[in-house]
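My structure is below; once you've seen it, I'll send some questions.
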Number of protein chains: 2
Amino acid sequence: MAGQPEIARALRQAGLRLTPQRYDVLAFLAGRRVHATADEIFQAVNRAHPRLSRATVYNTLRALVRGGLVRELAADGAAARFDARLERHHHFVCDACGGIEDVEWFELPPALRRRARSGGTVREIEVIFRGFCRRCAGAPRPGGVPGSYTATKQ
Amino acid sequence: MAGQPEIARALRQAGLRLTPQRYDVLAFLAGRRVHATADEIFQAVNRAHPRLSRATVYNTLRALVRGGLVRELAADGAAARFDARLERHHHFVCDACGGIEDVEWFELPPALRRRARSGGTVREIEVIFRGFCRRCAGAPRPGGVPGSYTATKQ
DNA sequence: GTATTTGCAAATCATTTGCATAAAC
DNA sequence: GTTTATGCAAATGATTTGCAAATAC
């Protein structure tokens, strides 16, 4: 997903009306490698489109997530991050800066995939690696340690 | 961790002063199988201890997490959940009700553990299973579908 | 033309902070 | 006696909601 027609098509396909706001939000996400917070998206799109409101960004994100075009990532305590990479992938979360990087998709061995014995149904399995990213590994911040509670905030 | 002296010992060991509030919060978490939100903890502890404030619950949780006695779990968009099970384990998150269940710990095969090639250091690897839990598998809610954005809220 | 979406402002929810008092060590 | 934690109330930050005007279909 990158070209203009593809973005429009993706929106239609998800059953969403094509508004300039939605187009811009999805285009922004599709052109990014790092995961953006709702506010970062607002700031960026707002530059080209000054009358955009935050509420619309949130509405749009909800619609996109619901339509399966975007994934939402919970970041311990911090603001949620959004990501338009639809190919499945795993994540690496930095304990120090809170940044999220993609990790190429791989399947868990079948024996492990059956480990969730809750009696329910499993739709997907995601692996989250935690540690210090390349940039933070060198100079970790004062409070940024394993617990990660303090790490992402303060 | 379950008996009274163990809880007190755990607090001391983490370098925390032993206050009734901290004791109660940790005891509550230690005696629970489901992961509780800060507010659920407040409600519960508040019954036995009516002058407890929410700020203290948050302060205590931060201290416990920092001291390594409690883990914090980010739940897509919703309030964070806390958990005093210290043995490593994975999680199952229900798309419909947002509930979180523990999945017994297992190691990823070494080949997969090396997949995070960010140049940084990896501290831990967690696996998150998503789907419908036993209770919701039978009767999923109106909006509660894969995206899980709407699922955890509304 | 009708159903949706937008933008705005106000509302809500989770969490944090400042500060005087109280309790732990 | 000092240092740290508590409780309260007010502040902050993220996200949602109500509603009239604008827009997509």
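Just so it is clear: chains get the letters A, B, ... in the order the sequence lines come, proteins before strands, and each one is counted from 1.
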- Indicate whether OP1 or OP2 belonging to C:dT16 is found under 4.0 Å from a side-chain N or O atom of B:Tyr58.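 No, outside the criterion.
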
- Message: Is there a path of hydrophobic side-chain contacts, each under 4.5 Å between heavy atoms, that joins B:Leu29 and B:Leu18?
- Response: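 Yes, same cluster.
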
- In whole angstrom, what separates A:Leu11's CG from D:dC25's P?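 In whole Å, D:dC25 P lies 10 Å from A:Leu11 CG.
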
- Message: Please tell me whether A:Phe106 and B:Val122 are part of a single hydrophobic cluster in this structure, the criterion being side-chain heavy atoms less than 4.5 Å apart.
- Response: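 Yes, because A:Phe106 and B:Val122 connect within a single hydrophobic cluster, where side-chain heavy atoms sit under 4.5 Å apart.
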
- Which pairs count as salt bridge (Lys or Arg N to Asp or Glu O under 4.0 Å) when at least one residue sits in residues 38-61 of chain B, sequence neighbours excluded?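 Qualifying pairs, neighbours excluded: B:Asp39-B:Arg54.
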
- Within the side chain of B:Thr56, is there an N or O that forms a donor-acceptor pair under 3.5 Å with the backbone of B:Leu52?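 It does not hold such a pair.
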
- Item | Global bending angle along the helix from C:dG1-D:dC25 to C:dC25-D:dG1, which compares the axes of five pairs at either end, to 10 degrees |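 Its terminal axes enclose an angle near 50°.
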
- Message: side chain to side chain contact (heavy atoms under 4.5 Å, CB included) for A:Val70 and A:Asp83? Distances and angles first, verdict last.
- Response: CA-CA 6 Å; A:Val70 161; A:Asp83 153 21; 5.7 Å; no

- Find the distance B:Glu72:CD to C:dA14:P and express it as a whole number of Å.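 That distance rounds to 14 Å.
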
- After noting the C-alpha distance and the side-chain angles of B:Leu64 and B:Leu16, does the key distance pass the side chain to side chain contact (heavy atoms under 4.5 Å, CB included) rule? CA-CA 8 Å; B:Leu64 293 175; B:Leu16 302 175; 4.0 Å; yes

- Query: Do we see a donor-acceptor contact under 3.5 Å between the side chains of B:His89 and B:Glu104?
  - Reply: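 Distance-only check fails for B:His89 and B:Glu104.
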
- Message: So B:His90 and B:Asp102, do their side chains get closer than 4.5 Å, heavy atoms only?
- Response: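 Side chain of B:Asp102 against side chain of B:His90, heavy atoms only: no contact under 4.5 Å found.
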
- Item | Contact letters for nucleotides 4-9 of chain D, in which S counts primed atoms plus P, OP1 and OP2 and B counts the base, heavy atoms under 4.0 Å | SSSBB-

- Let me know the distance between CZ of B:Phe82 and C1' of C:dA14, rounded to the nearest Å.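 My rounded result for the distance is 10 Å.
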
- Query: CD of A:Gln43 versus P of D:dG13: gap in Å, rounded?
  - Reply: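 About 13 Å, once rounded to whole Å.
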
- Message: Can you see if the side chain of A:Arg62 gets near the phosphate of D:dT15 - specifically, an N or O under 4.0 Å from OP1 or OP2?
- Response: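 Result: no.
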
- Task: Calculate the interatomic distance between A:Arg81 atom CZ and D:dT15 atom P; express it in whole Å.
- Result: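 To the nearest whole Å, that distance equals 11 Å.
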
- OP1, OP2 of D:dA14 versus side-chain N and O of A:Arg54: anything below 4.0 Å?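 A:Arg54 to D:dA14 OP1/OP2: no side-chain N or O under 4.0 Å.
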
- Task: Round to the nearest Å and state the distance from B:Ile41 atom CD1 to C:dT15 atom C1'.
- Result: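 Taking atom C1' of C:dT15 as the reference, CD1 of B:Ile41 is at 13 Å.
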
- Counting only heavy atoms not in A:Glu124, do more than 12 sit closer than 6.0 Å to its CD atom?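 Yes.
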
- Query: Rounded to whole angstrom units, what separation is found between the CZ atom of A:Arg12 and the P atom of C:dT5?
  - Reply: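 After rounding, the reported distance stands at 13 Å.
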
